[in-house]
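What follows is a short report on a single structure.
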Amino acid sequence: MRVVTLTINDQLLSGRDDETILQVAKAHNIQIPTLCQLDGLSTWGGCRLCLVHIHGSDKLSPACVTKVTEGMVVETESERLNKYRHTIVEMLYTEGNHICSVCVSNNNCELQSTAQNLGIDHISLPYLYPSRTVDASHERFVFDPNRCILCTRCVRVCDEIEGAHTWDVAGRGINSHLITDLNEAWGESTSCTSCGKCVEVCPTGSLYEKGKAGGEMVKHAEFLTYIEEMRKNHK
Amino acid sequence: MNANNLNNSKAQTIRSNDDLLLCAEREKDRQAQYKQNLFVCMGTACQSCGSTEVLKALSSRIKDLGLEKDYLISPGGCQGNCSQAPLVSVHPQNVLYQNISPQNTNDIIGSLKGSPIKELSCDNQSSFFARQTRIVTEYRGLLNPERIEDYIAVGGFSSLLKVLTQMSPSQVIQEITCSGLRGRGGAGYPTGLKWSTVAKANDSQKYVICNADEGDPGAFMNRNVLEDYPYKILEGMTIAGYAVGANQGYVYVRAEYDVAVKRVENAIKNMQRLALLGNSIGNTSFNFNLEVRVGGGAFVCGEETALIASIEGGRALPSPRPPYPAESGLWGHPTLINNVETYGHIAPIIRNGSQWFANIGTQKSKGTKTFALSGCIKNTGLVEVALGTTLREMIFDIGGGVPEGRKFKAVQTGGPAGGCIPESQLDASIDYESLKSLGSFMGSGGMIVMDDSSCMVDVAKYFMQFCAAESCGKCIPCRVGTVHIYDLLNKITKGEASLEDLSQLESLCDVVQNTSLCGLGQGAPNPVLSTLHFFKDEYIAHIVDHICPAGACGPKGQDLRRPACVL
Amino acid sequence: MNNKKTLATVWLDGCSGCHMSILDMDERLLELLTHVDLVYSPLVDNKTFPENVDITLVEGAVSSDEDLHKIKMIREKTKILVSLGDCAVTANVPSMRNPLSVGAILERVSDGSVIRQPADVPLLLANAQPVHNYVKVDVFVPGCPPSANVIHSILMDLLSNRKTNINKITRFGA
Amino acid sequence: MPSSSPINAPHSMAPPTDDPRWRLVDTTMRHYGYAPNALIETLRIVQESFGYLDAIAMKYIARSLRMPLSKVYGVVTFYGLFRLKPPGEHTCTVCLGTACYIKGAKNLLDAVKLCTGLLLGQTSADNKISLLSCRCFGACGIAPAAILDGQVIGNLNSSEMEKHIRKWTVSK
């Protein structure tokens, strides 16, 4: 492990060479938008919001997986990046049925706040209006696939932290969707421990506690780092 | 079946070059006993046109006539000119018969003693054959792909024994690097460089993978090569294993290619039987084993990280690179992944030397490449040409041009990540750089010719539908963006789009191309971008005049928005 | 000669909440009216949409043939068209019917007992859509409903040709 | 009873039925040492033997390979090869590769639709015919092509396709 110096947005910074651009940026209060990344879980690299420019490379690089190197020069903001991030978030809005005004996570939603931070005030792409059925069979939680953005945080937390692997993704492409067990009702799942971690890490109102009304569902994704830390200490 | 004589008696192992030469001599002797050898093509096209019946009819007739000792009838590999299927070739008479049915059996057998039948034979000196340069498809159609001895008789495995006994791994890599060979899967990454990266990786466990998940619609080179030259591919893989320090290899084949799967499995068994796989190959300390893995039908498996995920038994989702498979691949170990055809070049390069190979092709693109010619062209089939051949030579000299007095419009190369090249660019040479500069892509080698009845917007839509259906769904731009692009193209083909839709289309292509995680998404907009570049007038005609000039999206000249006639 | 700007408000497929929010400007309405004439609105008694309106606030999604006809006409007669509230901006709650077919919806609401499409009821479009899917929109004001403060500040900015940073003051669902 | 169901011994798990085809499935898993990478191959063997994959088979494989159910389902639905429902008595697989598309694969689909009313991916109500498509099976040289009950047929046109399908619809 070595300490390296690099430049992010004209700021000279230092970081460890096992850290990602995202980690170093975060440590220095430089905001890079993310949706699938969550501290304490494995890296997914699917949302593409954290793409940044690295000088000397034609391709954009995901900040969540790219490790910092000595002398690296990174730009996290540009008109081009903003256009890309804008369009990707618009894509998410068109892919599902996101009705913020009636959502349990209204005001506590990472998709909503990301859109706001990016300056999105309307969606110019046509909505796809998929037909998806809500699963309210679990005694404590509800899964509303209309609000799912397939970040797979629930899949990862269930597999990596809880160890149950109740959730996974089925199908592919635009037909990808979350399932529990063999695509059975969540309430019938034999593997679910009802621990609720999936609900806590869900960035939107797709997974929520029963009985919550519009805007009442507040998530606590930060608990994960605590669990991770505790586990490390036990080892 | 008719030749289980003493020459083929006890299976012996091959531990040295002498063993190999002995085996080759025996096989040559065996073949020389026959006055003529007849090979019936068992390629997909020939089989579907009845070559199995032809083989049966010929064999049983020869038997009835008691001529089994004079004539050997064997199933053979693809001859290349699939449009004339089924094909039968006769050697040493050197005749290729075309469009053969069981009714021709007597005539053919009758002619074996005398001169060939003119009416049935195909001109095997025509430019379709003469213009080709064969390395991977050497001995085209003249090897029984089931028999390892056929391959040994023409010098097979001499390269493997040469590297094991006379070369160090780094010398092998040096030789491949000097040859200038580049990956034949499409991207053209220097093979020697890839090998040396894996060789340098510090791990006691490494893997070699052959990517035979040929997924490009309109490409069947890998299928053909695996079906006809399984031993050559496996020899290449084994040499690669030695060079990079791997002891286990996997051939990842599409499930649809059932014949290829069987042939490769059979080839592995035969190599094991002769001790060309397993422990202490060639009496050296080199151990290497091979296994076949059958893919489940997902185009994204062509992406190396997705392919690895699939071999590991999971959903074939690509993962961000770095780390590259060369550092951390299959089960986290350094892994070499090359395309079928890349491995097909290895044994010939070792046998003939890197200089020989480097003399073929262009400055930056060395050697030959196989292509699957199809679509609106006279001679459909599989061809192998030196890189640097022009598209015009390929389509008009080798392919014989567009049939039925229609007009050539475009040639599509590079599969779903490729582009459509118009008439005006046909003098471009076929190599990695030149195709890229035309907004297309070498790809695995599909070449689909389109005439004036094809609409370029419709073609772009076809590819976008393919990419949307094959997107793995992991990253947002590919999962959702391809659907939006498809919807826009669909709107255009219905004559309902506006010029704003066209600019949104261009903007979406930019996003999907530059933000997608893997090659599938990054390449998906290419067919749209290349048709927009060369055939923008067709897009404009659909949008402004609401007509499809080619008559593919609706009756020619008729307003596309008019509802179809309901009877 | 009156040099006040003209303001119109229209109500398509929405709950009228955005109009309630306009009324929530309370005493600021009086101040606003010193700058503009309210020439057409559900709140005033004018049956025809006038020509050359400076600013039109649209509440609601485009859901029926009547909405569509109206918004096209309004666009032609308006200089600055404002999508006010989530229904106009995103189609919001009205769009929740979109995954279903129109036939299924009418079947359900009429319970099979009345004629499915009475002559005097506007024909439903296949989907409830945001206004900008049919006509060009100049300003988007998300929110369900946007607060009186937001509406006030947008209007004051528009009247004095200032650019508003909309995302600083409102968002979807706000 | 309790002694015979040790929770940690999935390898000795009995197959769902005494159908001999399960033996082949077990052999496959054993060949791979019950490692997770046996999944796709095992699923393929089950489908080859039984025609499709049902919940019973998926559960059995998941337990034998000690794998989460959702992972098995995720894999099954990812690959185009796997089916969750039994196929019809006859299958018509139309190639939708580029060469076939250019040469009129669309017309072949229309022809099947005309005789049977089937759309892509559907199986007729009497379970007689399934209409499937595939991405290029490498018969581009004889495009447009289709696989009818396992046999590749090339250079097809609508009327020939219709003839082939009619054979299935009339025959008992």
Side-chain angles (χ1 to χ4, degrees), chain B residues 43-45 47-49 78 81-83 85 214-224 254-257 293-299 301 310-317 331 372-376 380-382 412 415-416 446 448-451 453-454 459 462-463 465-466 469-470 472-473, chain D residues 31-32 35-45 47-48 61 65 67 70-83 93 95-106 120 132-148 150-156:
Chain B
T44 308
Q47 273 201 26
S48 86
C49 294
C78 175
N81 50 333
C82 305
S83 42
E214 179 170 62
D216 289 7
F220 52 90
M221 303 76 47
N222 290 351
R223 167 181 202 144
N224 239 302
R254 286 177 64 180
E256 290 94 329
Y257 288 3
R293 287 299 153 96
V294 180
F299 174 69
C301 290
S310 183
I311 292 185
E312 289 174 356
R315 291 163 62 82
L317 304 181
W331 294 298
L373 266 182
S374 65
C376 303
T380 56
L382 182 88
Q412 208 280 342
I448 300 114
V449 175
M450 292 171 242
D451 65 17
S453 65
S454 287
V459 168
Y462 162 79
F463 280 111
Q465 183 176 36
F466 179 87
E470 293 297 338
C472 78
Chain D
H31 172 79
Y32 283 81
N37 69 72
L39 178 58
I40 293 174
E41 190 58 21
T42 311
L43 291 169
R44 215 169 60 85
I45 297 295
Q47 179 157 307
E48 256 173 34
I61 296 171
L65 300 177
M67 206 175 253
S70 59
K71 186 168 181 189
V72 173
Y73 192 84
V75 167
V76 168
T77 53
F78 186 87
Y79 294 100
L81 183 72
F82 298 125
R83 281 188 300 264
T93 309
C95 177
L96 292 182
T98 319
C100 291
Y101 184 78
I102 296 292
K103 291 248 188 162
K106 262 195 289 192
L120 210 50
L132 307 168
S133 72
C134 79
R135 39 172 210 135
C136 197
F137 46 80
C140 316
I142 46 167
I147 305 178
L148 298 167
Q151 212 191 343
V152 177
I153 301 183
N155 299 316
L156 275 164

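In what follows, chains carry the letters A, B, and so on, assigned in the order in which the sequence lines appear, proteins first and then strands, with residues in each chain numbered from 1.
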inquiry  = So for B/Glu470, is it side chain, backbone, both, or neither that comes closer than 4.5 Å to the heavy atoms of chain D?
reply    = side chain

inquiry  = At a 4.5 Å cut-off on heavy atoms, which part of B/Ala316 comes close to chain D: side chain, backbone, both, or neither?
reply    = both

ask   = Under a 4.5 Å heavy-atom cutoff, which of D/Lys103, D/Lys71, D/Met67, D/Lys106 has the most pairs with chain B?
value = D/Lys103

inquiry  = Once rounded to the nearest 0.5 Å, what's the spacing between atom SG of D/Cys134 and atom CZ of B/Arg254?
reply    = 7.0 Å

query = Just how far is it from atom CD1 of D/Ile102 to atom OG of B/Ser374, taken to the nearest 0.5 Å?
reply = 8.5 Å

request  = Among B/Val294, B/Thr380, B/Thr44, single out the residue with the greatest number of heavy-atom pairs under 4.5 Å to chain D.
outcome  = B/Val294

task = Rounded to the nearest 0.5 Å, what's the gap from CD1 on D/Ile40 to CZ on B/Arg315? Could you check?
result = 11.0 Å

task = Could you tell me the separation between the OG atom of B/Ser48 and the CD1 atom of D/Ile142, rounded to the nearest 0.5 Å?
result = 3.0 Å

Residue among D/Pro36, D/Gly97, D/Ala145 with most heavy-atom pairs under 4.5 Å to chain B = D/Gly97

Heavy-atom proximity to chain D below 4.5 Å, by part of B/Asp216 = backbone

query = Between B/Cys301 and chain D, which part of the residue has a heavy atom less than 4.5 Å away: side chain, backbone, both or neither?
reply = side chain

query = In Å, rounded to the nearest 0.5 Å, how long is the span from OH of D/Tyr101 to CD of B/Gln412?
reply = 13.0 Å

query = Is it the side chain or the backbone of D/Gln151 that comes within 4.5 Å of chain B heavy atoms, both, or neither?
reply = neither

Structural part of B/Phe463 lying under 4.5 Å from a heavy atom of chain D = side chain

query = Less than 4.5 Å apart, any side-chain heavy atom of D/Thr98 and any of B/Phe466?
reply = no

message = For chain B, which candidate among D/Leu43, D/Leu96, D/Val72, D/Ile153 shows the most heavy-atom pairs at distances under 4.5 Å?
response = D/Leu96

key: Most contacts with chain D, counted as non-hydrogen pairs under 4.5 angstrom, among B/Ala372, B/Gly381, B/Ser310   = B/Ser310

ask   = With respect to chain B, which residue among D/Cys140, D/Pro144, D/Gly80 yields the maximal number of heavy-atom pairs within a distance under 4.5 Å?
value = D/Cys140

remark   = In terms of heavy-atom pairs under 4.5 Å with chain D, the winner among B/Cys82, B/Ala298, B/Ser454 is B/Ala298

Heavy-atom proximity to chain D below 4.5 Å, by part of B/Ile311 = backbone

key: Minimum heavy-atom distance D/Leu81-B/Gly295, with the two atoms named   = CD2-O, 4.1 Å

